[in-house]
There are 2 protein chains.
Amino acid sequence: MTIQDAGAARPAGRPRSEKAEKAILEATLDLIGEGMGISELSIEAIAARAGVGKTTIYRRWSNKEDLVVDALATLKAPVPPLAGESVRDDLVTLLDQMRDESGHVRTKCVMNIALSESDRYPHLFEKFRKIAIEPRRAAMRQVLERGMASGELRSTLEIELAMAILTGTMVWFTKWGDTSDRGPELAEGIVDQVLAGIAP
Amino acid sequence: MTIQDAGAARPAGRPRSEKAEKAILEATLDLIGEGMGISELSIEAIAARAGVGKTTIYRRWSNKEDLVVDALATLKAPVPPLAGESVRDDLVTLLDQMRDESGHVRTKCVMNIALSESDRYPHLFEKFRKIAIEPRRAAMRQVLERGMASGELRSTLEIELAMAILTGTMVWFTKWGDTSDRGPELAEGIVDQVLAGIAP
DNA sequence: CCGATACGCAACGGTCCCGTTTCGTAAGGA
DNA sequence: TCCTTACGAAACGGGACCGTTGCGTATCGG
């Protein structure tokens, strides 16, 4: 206090390694992406994968859940740019992005957590929903509302239901669908079918 | 061989306790239904829950996966009786059964396995798909085909896609949907929306 | 240079579960 | 009765992680 107290307010001693921190979060996401459940995730395994001592992890996070939360927080939800001309095309873009990402390791993190551990780690899931789910939901909701205003969609549409149909269907396909029909035309097929309905 | 070899061909010694076997399978399903993942499931915990010695389990199953397979095999997929008059009503019946079951413990077994461990235990998942998924799929497929023949549905309908839409949407709702709209009318809402399409 | 803190590493005692073995007892057939 | 197998319970040595501690070294501010 006598000398200076500039914004940084750096504590004495060697500063924590940002590289180590990054490696830890990276390793955590990698292990989750490889199909490891949260409960099987061990600090020792993370430390080994990150090339880091266990101490370095415990110094930063007091428990596993906090670490996983921070790791998930580094995941962005890259909502694709939407042309904004046709509601149908924008929906296809949104769904196709889901399909496209379903092959990525990081997306598997997301899916594994969301699908399996949502009720066992509610706090974690809540955090995760905010950063990964809500942005996409908001984008889709906006498109649907635009469609209702423009007349491209029924004005009486229940938005929540429509979102569940579109999202649920794509998730179902990426998880259990035949791998052969995973092309970009899958999103088109879903959207067109949902738009038109299956009744004649 | 010298004496008799009747159908039973009972081996010498005390016969295995059917009660113990049942208790083991029951305990296994209970633990899974309580949210325990396959990998966290321990033989010791199963034995304790079933009130049985570990020996009794190891005598019957050489590994955990075999035990879980047998446990899942005891789960029926009770396809509800379908009125068979209206395709729309039959689809509602099928979906509503999914919603109704989603609260049961045994159904949570099913969901937990299917959602989280499908790629980590493919052999197990395959067995499980046969006994729990396929019967429902077959029933729904039959209804859809009937609808296409009767003209209640488009004759050009892609059946796989339609099934994914209906099933995926209901699964999505049971897992993440607002609990307030979980009434029996949810199935009606989904089916009607999918039938009519969301476009005007 | 000095004090403080972080680093990677190795080791600790403790807990949980593994799969096996041993025990005394129970329940069938010959 | 005798033989065989199954039973529940307890104990075994072994392995994986836990969260903590101590070590020698590295990196900051003063």
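Letters A, B, ... mirror the listed sequences (proteins, then strands); counts begin at 1.
Here the side chains of A/Thr28 and A/Asp70 are not in contact, with every heavy-atom distance at 4.5 Å or above. B/Leu91 places none of its side-chain heavy atoms less than 4.5 Å from the side chain of B/Ile190.
Between A/Glu21 and A/Gly13, the residue whose closest nucleotide on DNA chain C is further toward the 5' end is A/Gly13. For the pair B/Thr56 and B/Ala12, nearest-nucleotide mapping onto DNA chain D gives the more 5' position to B/Ala12.
Using modelled atom types, no side-chain atom of B/Ser155 and backbone atom of B/Met148 make a donor-acceptor pair closer than 3.5 Å. For A/Gln97 (side chain) and A/Pro78 (main-chain N/O), a donor-acceptor pair under 3.5 Å exists by modelled atom type. In this structure a side-chain-to-backbone donor-acceptor pair under 3.5 Å is missing from A/Glu21 to A/Ile57.
Note that NZ of B/Lys130 is 12.5 Å distant from CZ of B/Phe125, once rounded to the nearest 0.5 Å.
Between the C1' atom of C/dA6 and the NZ atom of A/Lys19 lies a distance of 14 Å, rounded to the nearest Å. As a whole-Å value, the separation of A/Glu18 CD from C/dA6 P is 15 Å.
The side chain of B/Ser17 places no N or O atom within less than 4.0 Å of a non-bridging phosphate oxygen (OP1 or OP2) of D/dA6. Contact check, B/Arg14 against C/dA26: no side-chain N or O comes under 4.0 Å of OP1 or OP2.
When all heavy atoms of B/Val87 and B/Gly147 are compared, the closest pair comes out as CG2-CA, 3.4 Å.
Across residues 40-54 of chain A, A/Ser42, A/Ile43, A/Glu44, A/Lys54 each have a non-hydrogen atom less than 4.0 Å from an atom of DNA chain D (numbered order). The stretch residues 22-32 of chain A has no heavy atom under 4.0 angstrom from DNA chain D at all. Shown for residues 57-68 of chain B: residues whose heavy atoms fall under 4.0 angstrom of DNA chain D, namely B/Arg59, B/Arg60.
Between the side chains of B/Glu152 and B/Ser150, a donor-acceptor pair is found at a separation under 3.5 Å.
For residues 136-172 of chain B, the pairs satisfying ring pair (Phe, Tyr, Trp, His ring centres under 6.0 Å) are B/Trp172-B/Trp176, with sequence neighbours left out.
The base of D/dA6 has none of its N or O atoms less than 3.5 Å from a complementary donor or acceptor on the side chain of B/Thr55.
The side-chain hydrogen bond (donor to acceptor under 3.5 Å, both in side chains) search around A/Asp100 returns none, not counting sequence neighbours. For the side-chain hydrogen bond (donor to acceptor under 3.5 Å, both in side chains) test, no residue two or more places apart in sequence or in another chain qualifies with B/Arg129.
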